[in-house]
Amino acid sequence: MARLAQIVIFGASGDLTARKLVPALLRNFEEDNFRGPIQVIGVSRTEKTDAAWREELSSWIPESQKAVWERFKPLLSYKSADSADPRQIEALEGHLDSLALNAGEEPHHVGRLFYLALAPGLFAPTVEALSKQGLVACEPDAAEGWRRVVVEKPFGTDLGTAQTLNHLLYRHLREEQIFRIDHYLGKETVQNILSLRFQNAIFEPLWNRKHVESVEISVCETVAMEGKRGAYYDKAGASRDMMQNHVLQVLALIAMEPPSSMRPDAVRNEKVKVLESLRSFTPAEVHEHVVRAQYAKSDKRERDYRDEYGVAEDSRTETYLAMRALIDNWRWSGVPFLLRTGKALHKRFTEVVLRFRTPPLDLLNGPLPGDVCPLRPNDLRILVQPDEGVRLSFLVKRPGAGMVMQHSVLGFDYADLGTGPTPDAYQRLLLDAINGNPTLFIRGDEVEAAWRFVDAIRAGWEANDEPVHAYPAGSKGPAIANELFHGCEGIWSEGP
Ligand code: BG6
């Protein structure tokens, strides 16, 4: 049995804590996933009692979990503190120590996870305050008394700010203690990319430039600027909010070489190589390979993006971004990676499509009259959400005279496993952080490589004064984005 772990959530009054973090901890508690006892300590500036915090959180707990919530609730306590103020952190330490002693543990034996569910400007000051107070230190992790910090996104706003943040963190923590979260890595279907590729022998031989014609990765959303999101989003745009992190992380898992083992660094070494092999576009390449756009009002939405709350009237922030990315390495040289993400689109889906090359000879079924492109026989679709599964398409002969081909599909759906809804990403990620497994967290060099790629695109937009195209809210995005596909490569998938 492991020693007591204290999970300290900075930003305890925030949305993320109530919607994601506490429900994820509760679910792990319900499934008995913790290796030892835990205590959850919420910290934010507002004064409130333990009971008031628990009450606030209760409203997010579904009826079906109320019984387990009653058992879980006593593990939660609250401490008001300004996380950037060392004196208040000192008081927090006293609180943590007494909680440990009450549980019969010496404080220096207790593991502590500090979760920074805070505004990004507070990441560095909070770690500095923790370090000043001796609550975290750059010492080798002992099996007991470990200290770890989870850093929420966004991790910087460009390469420079990400490097500065990394340097600040490294002054107080070792890389192994820093857990940079990207919740896409916690999604079951994203993790399944690793098992699909590396635990089956039939896909990997085809997983390269010789057999794959193109790879498409789409993260499409129907949501727009709900609530007060516009103020944050207008400074970020799709490039920083989604591309730099979620889309490129999925790309890294799809394109990486097989790791030598599942050790965290073996996996992350391979991912960083992919991110570093992404071609960093020149402004001329940005013009040719990237499309940015903004949604406009339509019968589906009454406001232009620029009329959203918190958005500048003359904003040029992209709510849609599509590109033809290239990975300059031996496996993928010349294979386009068509990446797309956007808000206010017609359908919510995240999907990866590998389109395989056509057979060298079209013996049976030439193009249909008037069609110049051969029928594409095979693609592999990885459905990440909301549909969760895998589809492999191939051609079969339609029964009857002649050799007429039609598509058929082999499929797997998570729903058919009968294991119930797939766990929320935070459930797995929080457990991994408590257990000290950073495989599904982003290493400092990965973050920097991803920013280098995105920064070059943003610099190209500036240098060329690239247009921001418009697309009607609720549509499939700007038609011009289909030009990123060349010749017979196809057009953007419409989702499952
Ligand atoms: C967040 C972005 O990281 O991911 C949001 O900031 C986006 O803009 C969200 O909507 C998407 O996450 P999911 O899990 O709903 O696909």
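We number each residue from 1, following the sequence as shown. Atom set for the values below is all heavy atoms of this structure, side chains included, hydrogens, waters and symmetry mates excluded. When a ligand or atom number is given, it counts from 1 through the structure's own listing order.
Between Asp432 and Asn437, the side chains place no donor N or O within less than 3.5 Å of an acceptor N or O (distance only, hydrogens not considered). Remark: the Thr189 side chain and the Asn192 side chain contain no N/O donor-acceptor pair separated by less than 3.5 Å.
Judged as a side-chain hydrogen bond (donor to acceptor under 3.5 Å, both in side chains), and not counting sequence neighbours, Asp387 has no contacts.
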Under the side chain to side chain contact (heavy atoms under 4.5 Å, CB included) rule, what do Met256 and Lys273 come out as? Steps first, then yes or no, please. CA-CA 8 Å; Met256 68 191 260; Lys273 281 190 217 160; over 6 Å; no
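Near ligand 1, residues Lys153, His183, Tyr184, Lys187, Glu221, Arg229, Asp241, Met242, His246, Lys343, Arg348, Gln385 come within 4.0 angstrom through at least one heavy atom.
The pair Asp379-Arg391 does not count as a salt bridge, with every side-chain nitrogen at least 4.0 angstrom from each carboxylate oxygen.
Residue Asn166 is tested with Glu175, Arg180, Arg171 for a side chain to side chain donor-acceptor pair (under 3.5 Å); the sole match is Arg180.
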